[in-house]
There are 2 protein chains.
Amino acid sequence: MSATTRPYHHGNLREALLEAGERALEAHGAQNLSLRELARDVGVSHAAPRRHFADKQALLDALALDGFEGLRTILTGAIADAGPDFDARLLALARAYVAYATDHPALTALMFASKHQDGAPPELAEAAERAFAPALTAVAEGQRTGAVVPGEPERVAKVAFAALHGLVALTNNGLLDDDLPLDAFLDEAVERLVAGLRPR
Amino acid sequence: MSATTRPYHHGNLREALLEAGERALEAHGAQNLSLRELARDVGVSHAAPRRHFADKQALLDALALDGFEGLRTILTGAIADAGPDFDARLLALARAYVAYATDHPALTALMFASKHQDGAPPELAEAAERAFAPALTAVAEGQRTGAVVPGEPERVAKVAFAALHGLVALTNNGLLDDDLPLDAFLDEAVERLVAGLRPR
DNA sequence: ACCTGAACACCGTTCAAGT
DNA sequence: ACCTGAACACCGTTCAAGT
């Protein structure tokens with residue numbers, strides 16, 4: 001871009017498209033994301049993306065995959081920073097997930113949307129599983145110390161995650177913040193969640 | 001279509017479009033719903049829908065509105081048929097919601113997505129509120145009899161609904177049924193939900 | 001190997017015009 | 001009042017061709 005050369009592209013078109021895609025995703029939603037627009041943003045012809053993404057869905061899949069990897073990093077960090085107390089660890093995970101999901105609402109929706117449909121690449125499901133491994137581990141820990149009801153850890157973790165994800169879904173769609181400050185609400189919800197997981 | 005008359009349309013184009021829209025929605029998703037396709041299905045020119053729906057979003061909003069009214073009918077019926085026992089009433093509501101949402105996955109996603117967009121008509125939010133009134137009432141009941149933690153009923157109901165909605169969201173996106181039979185899973189989840197709501 | 005340019009079939013939306 | 005037909009600007013996708 002500096003001197004005279006001006007090659008086909010400034011380096012890695014694939015990465016540039018993904019970056020522009022993430023911006024466009026949060027800006028106008030997955031519905032209105034246009035490959036041609038991304039190509040323009042990045043300065044290539046509208047047919048150039050084809051080299052790197054077979055079609056629009058392939059680009060969306062790649063974005064979702066990156067999303068799961070980002071989430072994994074966040075969750076892993078959160079659990080590492082949390083102390084040994086079980087409730088604190090669970091709260092840290094929950095907070096981290098909510099923070100990630102509310103920071104990237106459109107990406108989160110994409111990650112959990114029809115991506116799972118017909119021809120979704122298996123890497124997506126694998127990345128999702130890796131992302132949630134910390135949560136699974138936490139539940140299993142909790143079960144060993146008796147802080148969590150017994151049962152298949154995967155199942156228990158999924159129930160807990162579903163509750164959290166529902167909160168995030170409603171928040172990101174504007175159904176909660178009318179009358180609720182999210183932070184306080186989250187604390188209450190997670191408290192309730194932990195209460196629901198406790199043996200009785 | 002029968003004799004010679006062949007008027008502009010067979011009656012109510014608006015209703016016909018909504019019906020075709022609901023089918024198309026569940027068939028190929030809101031993303032790929034095409035106004036022109038609906039017009040073809042119904043047998044009018046591609047510009048005819050404009051009389052009844054200002055644009056595509058207006059049709060989607062109308063579909064979502066119908067969805068909330070359908071949900072309201074279902075929930076009202078479920079609570080009416082349930083006995084006096086609180087847990088049974090809550091379970092009935094939860095079951096009814098899950099049944100509705102898994103029967104109409106794309107419509108459910110639409111109902112909780114486009115809802116809050118910039119120019120969403122206020123009728124949508126009102127219809128949503130009416131739909132969930134039975135749940136709000138049930139929580140308030142539970143609080144009077146001491147079966148549910150105290151606190152603003154709206155807030156408590158929203159936490160509970162969020163949990164359920166998360167379950168539905170994961171189910172409808174194929175993230176649960178790999179390894180879990182939904183019915184048994186739902187029972188466990190609702191049990192946990194009720195446990196979370198109980199004072200301790 | 002990577003990108004361009006033209007082309008095709010499809011959209012949503014608009015608007016004059018028909019009945 | 002309700003619908004048609006042509007038109008416009010935009011897509012996603014394909015493919016020969018350039019470097």
Side-chain angles (χ1 to χ4, degrees), chain A residues 1 3-21 23-25 27-64 106 110 113-115 117-121, chain B residues 1 3-21 23-25 27-64 110 113-114 117-121:
Chain A
M1 192 219 270
T4 41
T5 49
R6 188 67 154 88
Y8 282 122
H9 187 262
H10 49 74
N12 195 338
L13 180 53
R14 198 192 132 91
E15 289 311 312
L17 287 171
L18 285 174
E19 239 175 75
R23 271 198 308 274
L25 184 65
H28 6 277
Q31 310 247 7
N32 307 350
L33 185 145
S34 147
L35 280 183
R36 287 174 104 112
E37 188 195 0
L38 297 188
R40 270 183 311 241
D41 285 357
V42 155
V44 295
S45 89
H46 65 262
R50 191 92 211 296
R51 279 292 131 191
H52 303 279
F53 303 102
D55 55 17
K56 184 176 169 179
Q57 187 57 53
L59 189 145
L60 292 177
D61 287 348
L63 284 175
L110 182 66
S114 57
K115 304 305 102 241
Q117 298 293 14
D118 313 325
Chain B
M1 195 217 271
T4 41
T5 50
R6 191 63 155 89
Y8 281 122
H9 187 261
H10 50 75
N12 195 338
L13 178 54
R14 199 190 132 90
E15 290 311 312
L17 286 171
L18 285 174
E19 236 174 78
R23 271 197 307 273
L25 184 65
H28 10 275
Q31 310 245 9
N32 308 351
L33 184 144
S34 148
L35 280 182
R36 286 174 106 110
E37 188 196 359
L38 297 188
R40 270 183 311 241
D41 284 356
V42 155
V44 295
S45 89
H46 66 262
R50 191 95 212 294
R51 279 293 131 190
H52 303 279
F53 303 102
D55 56 18
K56 185 177 168 178
Q57 187 57 52
L59 189 145
L60 292 177
D61 287 347
L63 284 176
L110 182 67
S114 69
Q117 299 281 21
D118 309 327

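Throughout, a chain's letter reflects where its sequence line sits, starting with A, and its residues are numbered from 1. What you see is a predicted model, and the numbers here were worked out from it, not measured in a lab.
In this structure, A/A16 and A/V42 approach most closely via the heavy-atom pair O-CG2, 3.7 Å.
Separation of atoms CG (B/D41) and CG (B/L17) is listed at 9.5 Å; rounding is to 0.5 Å.
Pairing for D/dT4 goes to C/dA16, judged as Watson-Crick or G-U wobble with the two contacts each under 3.5 Å. Under the Watson-Crick or G-U wobble criterion, with both distances below 3.5 Å, D/dC10 is left unpaired in every strand shown.
Residues A/F53 and A/L63 are not in side-chain contact: their nearest non-hydrogen atoms beyond the backbone lie 4.5 Å or more apart. Between A/H52 and A/L13, some side-chain heavy-atom pair lies under the 4.5 Å cut-off.
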Stepwise, does the side chain to side chain contact (heavy atoms under 4.5 Å, CB included) test hold for A/L38 with A/L33?
CA-CA 8 Å; A/L38 297 188; A/L33 185 145; 4.1 Å; yes
Spell out protein contact along nucleotides 6-16 of chain D as letters: B when the base is contacted, S when just the sugar-phosphate is, - when no protein heavy atom is under 4.0 Å; keep the 5' to 3' order.
BB---SBBBB-
